[in-house]
There are 2 protein chains.
Amino acid sequence: MTTRELPMTVPSEGLPARVRIHEVGPRDGLQNEKGTVPTAVKAEFVRRLAAAGLTTIEATSFVHPEWVPQLADAEQLFPLVAGLPVALPVLVPNERGLDRALSLGASRIAVFASATESFAKANLNRTVDEALAMFEPVVARARAAGAHVRGYLSMCFGDPWEGPVPVPQVVRVCKALTDMGCDELSLGDTIGVATPGHVGALLTALAGAGVPAPVIGVHFHDTYGQALANTYAALQHGVTTVDASAGGLGGCPYARSATGNLATEDLVWMLRGLGIDSGVDLGRLTATSVWMAGQLGRPSPSRTVRALSQQQEQ
Amino acid sequence: MTTRELPMTVPSEGLPARVRIHEVGPRDGLQNEKGTVPTAVKAEFVRRLAAAGLTTIEATSFVHPEWVPQLADAEQLFPLVAGLPVALPVLVPNERGLDRALSLGASRIAVFASATESFAKANLNRTVDEALAMFEPVVARARAAGAHVRGYLSMCFGDPWEGPVPVPQVVRVCKALTDMGCDELSLGDTIGVATPGHVGALLTALAGAGVPAPVIGVHFHDTYGQALANTYAALQHGVTTVDASAGGLGGCPYARSATGNLATEDLVWMLRGLGIDSGVDLGRLTATSVWMAGQLGRPSPSRTVRALSQQQEQ
């Protein structure tokens with residue numbers, strides 16, 4: 001079938017040769033699933049993602065089980081996948097979470113801050129600066145233990161309560177996170193409202209403030225269909241780490257449409273077309289998402305998964 | 001509600017100040033609908049699109065009624081909307097169709113060619129060059145009658161039988177269409193496989209061949225989720241005419257997912273964020289697509305329509 005040769009590879013000037021996909025499906029993708037996903041299925045999901053060529057797979061979260069019941073099995077899951085030859089970052093909300101992660105041998109941890117006061121209050125019940133103060137010892141102790149630290153920053157482009165988020169406000173929190181020792185940031189467009197010019201403006205401002213593209217990951221949501229256009233703009237600004245969720249898992253699983261995370265497959269399709277190496281086998285990844293959709297009992301919202309799996313059915 | 005101020009407007013360098021959206025919902029969006037849409041509903045759809053600020057609305061098609069039964073009411077529909085203060089292009093397949101369109105006072109017509117032999121054979125039962133020869137008198141007569149002529153070109157980036165389509169092959173047919181008198185082209189990614197570098201390469205090659213961006217429209221499909229990223233790349237190459245379908249109507253209406261035309265709302269969201277004037281009122285357009293979805297009995301596949309209409313329900 002000739003469509004197997006598609007997309008045609010046509011590089012675009014000024015883009016990176018290689019992109020690292022930070023796969024968030026097992027953590028961000030599953031965390032809001034209502035029905036409990038068995039630990040063995042989660043482990044198999046991580047294994048299949050690794051077999052598809054993903055090299056960084058956010059495995060789970062060591063938050064309090066009452067906050068995220070779906071990920072309450074972190075202690076059981078992590079040892080099942082820890083032997084895989086991939087990076088397996090885990091989310092920790094505080095020092096207690098860090099202790100749990102480190103005791104299992106986690107070598108990559110992630111903390112999550114907010115660019116807006118409203119979301120800091122809603123998600124962490126703290127001010128932005130109180131949350132940063134809470135993370136400071138977590139980051140310091142993680143680094144002392146030799147772990148790589150990623151700092152997630154939510155609401156970098158818009159906030160459901162505050163509306164537009166000024167670029168300098170986001171830069172200030174990013175700078176605080178790198179100053180306290182985060183090795184990498186993930187700029188979250190939590191409600192999916194960003195557009196490409198806004199992305200470019202934030203990345204330019206961050207570079208000017210001493211937070212250059214190599215330490216930045218972008219985390220776009222497809223709520224308004226903008227995630228891939230925003231990713232393309234980020235690549236044009238030198239970003240080489242892109243967060244995505246296999247099959248587009250996560251986001252708004254209870255809405256009629258699942259318009260959440262950027263689907264890894266849609267990203268890989270674009271990267272393939274651009275001739276940018278991600279190391280991912282699109283066929284194996286799509287098969288993994290089709291399998292996971294079967295486990296969850298509903299189709300993947302990824303357009304690429306739907307298109308490719310329909311071709312296979314024909 | 002502060003999210004009404006979103007997206008935040010942050011222009012990006014080198015983009016056009018204004019984009020003309022060529023709205024294809026009433027024609028391309030509806031043509032594959034199985035259940036007959038009443039003529040009065042179609043007319044109301046066009047009226048609401050015009051009221052939402054769209055200035056170019058492809059109204060219908062004067063193909064043989066047996067080919068596209070849904071648009072068999074072209075003679076009845078066109079007079080109902082002809083008085084609107086907007087451009088109302090109509091599709092014509094041959095001289096017979098042109099006669100029907102001109103007799104009703106149509107002042108903008110569109111012909112449709114193929115960049116590949118396989119699709120020319122499948123869609124027109126002719127070779128590429130035979131199809132061009134068939135359109136030559138249509139274009140000449142339309143122009144002699146004072147009509148503006150658009151040339152659609154299908155399969156510009158990939159073909160389901162032939163796979164990747166070489167850029168020079170597309171350039172040759174584009175040049176033939178402008179040489180025969182087409183005022184404007186519409187580059188169709190009929191199966192949705194294009195990526196941004198490919199888009200840029202084709203536009204650069206066309207400019208080099210004497211077919212510059214001002215005479216080019218882009219027509220992307222969202223089959224693999226690439227449509228908006230490709231549109232952004234086209235804007236960066238100077239394109240100022242973008243085809244889109246209100247609510248994302250059209251494409252694959254019988255598939256589980258409707259992954260067809262770029263949704264006009266998703267496009268308008270990006271243009272708003274980029275500070276590019278399209279003249280469209282996003283709220284009125286979204287309301288129109290919600291209304292049309294009600295007429296068709298299924299939700300819009302546009303992510304922006306879903307996000308905005310869910311906010312209104314809350």
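A, B, ... follow the sequence lines: proteins, then strands. Residue 1 opens every chain. What you see below is based on every heavy atom in this structure, not just the backbone, and it leaves out hydrogens, waters and symmetry mates.
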For B:T195 versus A:M270, what's the shortest heavy-atom pair and its separation? CG2-CA, 3.8 Å
Residues B:D159 and A:L6: closest non-hydrogen pair is O-CD1, 4.3 Å
Among B:G273, B:P196, B:G225, which residue forms the greatest number of heavy-atom pairs with chain A at distances under 4.5 Å? B:P196
Looking only at B:A229, B:S302, B:G158, B:S12, most heavy-atom pairs under 4.5 Å shared with chain A are made by B:A229
Are there over 12 heavy-atom neighbours, none belonging to A:R20, within less than 6.0 Å of that residue's CZ? yes
I'd like to check [X] versus [Y] (side-chain heavy atoms, cut-off strictly below 4.5 Å). Are they in contact?
| X | Y | answer |
| --- | --- | --- |
| B:N230 | A:Y232 | no |
| B:D222 | A:R303 | yes |
| B:W269 | A:Q226 | yes |

Part of B:Q236 within contact of chain A (heavy atom distance under 4.5 Å): side chain
Name the region of B:V165, side chain, backbone, both or neither, that has any atom closer than 4.5 Å to a heavy atom of chain A. backbone
At what distance, to the nearest 0.5 angstrom, does CG of A:L282 lie from OH of B:Y224? 9.0 Å
With rounding to the nearest 0.5 angstrom, report the NE2 to CG distance, B:H198 to A:L274. 11.5 Å
